[in-house]
There are 2 protein chains.
Amino acid sequence: MRSRPVADVRARNAGHLRGLNLETVLSVAMQREGSFTRAELIEATGLSAPTVGTLVSHLMQTGIVKDLGTGPSRGGRRPSFMEFNARHGYVAGIDLGPTRTRLAVADLRGERLTDRIIPTPVRLGPAALLSRVAGALRALMEEAGAPIDRLLAVGAGAPGAVDREKGIVTFAPNLHDWSHVPMRDMLERALGAPVQVENDVNLAILGEHWRGAARGHDTCVFIFVGTGIGAGVLIDGELHHGHHFMAGEIAVMCMGPQFIDVDFGERGCFETLAGLHALAEHWPEASQADPAGWVPSLFEASLAGDRRAKKVVDEVARLIAIAVANVGAVVDPSLIVLGGALFAQAESLVHDVRKIVERIRRSPMEIVSSALGKEAPLSGCLLVAANDARQRLRHGLREARVSPIPVAAG
Amino acid sequence: MRSRPVADVRARNAGHLRGLNLETVLSVAMQREGSFTRAELIEATGLSAPTVGTLVSHLMQTGIVKDLGTGPSRGGRRPSFMEFNARHGYVAGIDLGPTRTRLAVADLRGERLTDRIIPTPVRLGPAALLSRVAGALRALMEEAGAPIDRLLAVGAGAPGAVDREKGIVTFAPNLHDWSHVPMRDMLERALGAPVQVENDVNLAILGEHWRGAARGHDTCVFIFVGTGIGAGVLIDGELHHGHHFMAGEIAVMCMGPQFIDVDFGERGCFETLAGLHALAEHWPEASQADPAGWVPSLFEASLAGDRRAKKVVDEVARLIAIAVANVGAVVDPSLIVLGGALFAQAESLVHDVRKIVERIRRSPMEIVSSALGKEAPLSGCLLVAANDARQRLRHGLREARVSPIPVAAG
DNA sequence: AACGGATAGTTAAGAGGCTTTATAAAGTGT
DNA sequence: ACACTTTATAAAGCCTCTTAACTATCCGTT
């Protein structure tokens with residue numbers, strides 16, 4: 001089900017060498033925050049001065065690197081500054097949620113130019129829905145002054161099982177009639193740009209790792225608890241998908257031997273025990289609709305000493321703590337991030353979970369609350385898109401080196 | 001705690017190019033089972049005929065590739081056959097067990113020349129113990145006709161927590177007085193060859209993946225149940241260690257909310273509930289010593305209808321099934337291999353576990369019994385050693401393109 | 001104000017490695 | 001015998017990299 005990427009990026013001859021060194025220089029250029037000089041590239045890449053010179057002039061011809069003119073001297077000849085042209089192209093993120101869909105447009109570094117939240121057009125079928133969303137994104141790009149033909153990559157998230165190789169949303173219980181929807185192809189046709197589809201919790205951990213609570217934690221896990229429950233697993237800085245793209249499907253975790261006999265699929269798994277629906281059942285004041293309405297009251301009642309509320313809260317904290325501890329035991333991350341509607345509405349819960357996990361096992365991993373909240377998957381979308389765009393740019397440089405001086409078309 | 005390997009294997013100049021192409025040719029040569037010709041290398045590498053010619057002559061000078069003379073014609077000039085010289089060096093495996101230690105000597109392909117089982121000298125301290133084991137390995141190599149100065153790499157396994165970066169056995173509960181033992185350094189001094197230390201369950205899944213039940217399953221998990229309980233996790237063909245080298249520490253998994261309050265560390269975790277000690281407590285006929293004595297009788301009694309035995313067996317099967325299902329949910333492997341003393345003594349158990357897992361969750365992963373049994377970690381040792389040796393050879397070619405024949409240090 | 005020294009970048013010359021083309025060796029098949 | 005195939009080596013040419021020399025500025029000191 002998974003093809004091994006035997007992508008041999010090794011150079012074989014002088015031509016490949018050139019392509020790789022172009023990539024190397026471009027990589028360094030993209031990593032730099034601001035402007036830089038040839039001398040700095042020489043230092044960073046280890047290449048010789050003349051080589052860097054020709055590589056840079058090549059990159060400037062394509063427009064990926066912008067000349068900024070000379071700067072102030074540092075004791076000798078004035079350096080010629082340049083910078084990575086982050087506006088050489090644009091990327092977009094689409095976080096498709098059950099009720100709201102978040103859109104954003106960013107430059108090649110992933111810096112947002114603009115974003116927007118629109119109601120998910122739930123009454124439409126998948127094709128029409130995605131077409132509508134794509135239309136909204138086109139409008140947003142126009143407003144941001146980002147020409148659509150400069151859209152180089154899109155990252156899209158869906159709340160369900162995703163086969164990211166085929167770009168298909170296999171199943172999304174919270175989206176009406178979504179089963180085997182070829183989301184990537186549909187969006188690519190509507191937008192004319194390559195799209196990567198990914199599960200929303202996976203995107204959340206990518207987002208938190210990039211710009212949120214998990215910065216610097218290359219092996220970490222996001223555990224999402226809301227109506228649904230799921231986890232995103234990052235290993236050595238890369239998402240772990242699993243053989244059937246079902247890694248992190250902790251909704252179906254079994255929470256104890258006592259749950260095996262009693263009609264398991266319905267009542268015994270993690271999601272049916274600790275998801276918002278389960279809580280609502282045990283808390284009469286829960287109007288099924290918006291958890292922001294009743295979840296805080298449940299936790300306040302518990303803190304105030306309400307027996308019934310306390311029991312519900314204690315039980316859910318325990319269940320989550322068991323999941324956290326057990327995922328931690330298997331994966332051994334340096335950090336676990338907790339997020340989702342439940343944690344968003346109940347600040348004390350993270351603390352409770354942390355305390356119980358410590359009782360279960362003197363655990364070396366940190367446990368923190370999501371820093372980006374509902375924005376996390378969208379950030380992940382932009383990261384995925386920016387990485388994809390940059391990879392395509394680099395790869396393009398390598399391929400298009402057939403003629404000695406590939407002049408920028410035009 | 002983990003250094004990212006930013007190993008830039010990219011060529012920068014012509015010299016590096018040569019090194020990489022040498023590696024490429026050698027890689028293909030090592031993968032071939034038997035003999036091959038220059039023409040086949042041209043086909044496999046994509047390099048031109050003259051280049052392959054010079055690379056091959058270089059490899060023959062070092063002795064890594066052996067000339068076999070010309071073969072029969074296939075309609076044209078007779079090809080000149082050659083083969084990878086698997087005896088250019090040797091590797092060894094050391095599986096240090098609580099009572100027995102397995103040793104093996106193999107060629108660079110990992111094919112065993114000889115092996116031996118010796119009693120682990122448990123009365124000695126770590127240093128003396130390892131010295132004794134190293135002595136036994138030296139003797140074994142001599143018998144096999146493998147000169148010790150040709151030992152290029154060693155893979156060693158220990159039953160406990162291992163910091164493989166530092167080569168230290170952090171803690172091994174089943175080895176007397178083993179805590180923070182610098183096993184790698186000790187063995188390297190005693191053997192004069194580079195040693196890789198790894199946890200034994202991790203080695204087991206490597207072994208099963210290489211030559212056992214997990215062949216072809218690049219993402220899979222070994223779950224070991226004996227006196228201790230542990231798991232080895234393979235992701236995309238590579239071991240997953242976790243941030244603190246504690247991935248797969250499923251001994252401490254919490255098996256249900258009811259176990260949190262009752263003195264957890266002692267009685268509520270997976271190992272204390274389902275390890276052999278736990279079983280022995282519930283089965284009076286268990287003489288604490290050898291599980292081969294009483295475990296089969298327990299399972300026979302259960303099958304025969306003994307209520308008490310059945311209850312014990314059912315409970316342990318359930319607990320293991322929960323662990324299997326939950327590890328499966330987090331990692332999403334294509335296969336889970338079950339092994340260890342418990343499964344070795346009770347063939348029906350794998351079947352029982354499989355049935356319960358299917359009841360918990362219609363799971364897409366296979367569940368099978370270990371094919372290599374107690375030999376699995378030793379196979380893993382040889383794989384680790386062979387890979388290390390081959391990598392060193394390739395790397396050596398790249399670096400030491402100065403002296404033609406790099407003789408192993410004496 | 002002039003000069004030495006430092007920094008940044010370019011041009012020129014040289015070396016290494018790969019590829020294409022040509023050549024040689026050794027068969028097979030008609 | 002002759003044409004053609006397969007395999008391997010030799011010669012010539014091309015590309016890219018590097019070192020060395022050179023240009024372009026600027027700073028600080030005398």
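Letters A, B, ... mirror the listed sequences (proteins, then strands); counts begin at 1. Remember, predicted model here, so these are calculated numbers, not experimental data.
Residues of residues 25-33 of chain A having a heavy atom closer than 4.0 Å to DNA chain D: none are found.
OP1 or OP2 of C:dC18 lies within a sub-4.0 Å distance of a side-chain N or O belonging to B:Asn21. One finds a side-chain N or O of A:Arg18 lying less than 4.0 angstrom from the OP1 or OP2 phosphate oxygen of D:dC17.
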Tell me, for nucleotides 25-30 of chain D in 5' to 3' order, what letter each nucleotide earns: B for a base near a protein heavy atom under 4.0 Å, S for only sugar-phosphate near one, - for neither?
BB----
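For the pair B:Leu22 CG and C:dG16 P, the interatomic distance rounds to 16 Å; values are reported in whole Å. If you take CG of A:Leu41 and C1' of D:dC17, they are 17 Å apart, rounded to a whole angstrom. Distance NE2 (A:His58) to C1' (D:dC15): 14 Å, rounded to an integer number of Å. The CG atom of A:Leu20 sits 18 Å away from the P atom of D:dC15 (whole-angstrom rounding). The interatomic distance linking B:Glu40 (CD) with D:dT6 (P) rounds to 14 Å, in whole Å. Atom CZ in B:Arg12 sits about 19 Å away from atom C1' in C:dA15, given to the nearest Å. Taking atom CG of residue A:Leu47 and atom C1' of nucleotide D:dC17, one finds them 9 Å apart after rounding to whole Å. Following rounding to the nearest Å, A:Leu17 (CG) and D:dC14 (P) show an atom-to-atom distance of 19 Å.
Using a 4.0 Å cut-off between a side-chain N of Lys or Arg and a carboxylate O of Asp or Glu, A:Glu83 and A:Arg32 do not qualify as a salt bridge. Note on B:Arg211 versus B:Glu111: salt bridge recorded, some NZ/NE/NH1/NH2 to OD/OE distance being below 4.0 Å. Classification of A:Asp185 and A:Arg189 as a salt-bridged pair fails, no side-chain N sitting under 4.0 Å from a carboxylate O.
Nucleic acid contact class of A:Thr54 (heavy atoms, under 4.0 Å, all strands): none. Base contact: B:Ala49 has a heavy atom under 4.0 Å from a base atom. Contacts of B:Thr70 with the nucleic acid, taken as non-hydrogen atoms under 4.0 Å apart, are absent. Here B:Pro79 lies in heavy-atom contact (under 4.0 Å) with sugar-phosphate atoms only.
Judged purely by atom type and a 3.5 angstrom limit, B:Arg112 has no side-chain atom pairing as donor or acceptor with the backbone of B:Ala104. Between the side chain of B:Glu188 and the backbone N or O of B:Val195 there is at least one donor-acceptor pair closer than 3.5 Å. Put simply, the side chain of A:Thr37 never gets that close to the backbone of A:Pro79: no donor and acceptor are under 3.5 Å apart.
In terms of position along DNA chain D, the nucleotide closest to B:Pro50 lies nearer the 5' end than the nucleotide closest to the other residue of the pair A:Pro50 and B:Pro50. Residue whose closest nucleotide on DNA chain C sits further toward the 5' end, between A:Asn13 and A:Met82: A:Met82. Comparing A:Leu55 and B:Thr37 against DNA chain D, the residue whose closest nucleotide sits nearer the 5' end is B:Thr37.
Defined by atom type and a distance below 3.5 Å, a donor-acceptor pair is missing between the side-chain atoms of B:Ser57 and B:Thr54. Side chain to side chain, A:Ser334 and A:His217 meet the donor-acceptor criterion of an N or O pair below 3.5 Å. A side-chain donor-acceptor contact under 3.5 Å links A:His209 and A:Asp218.
When each of C:dG17, C:dG9, D:dT18 is scored by its nearest atom to the side-chain atoms of B:Ala14, the top-ranked nucleotide is C:dG17.
Heavy atoms of other residues, nucleotides or ligands lying less than 6.0 angstrom from CD of A:Glu143 number more than 12.
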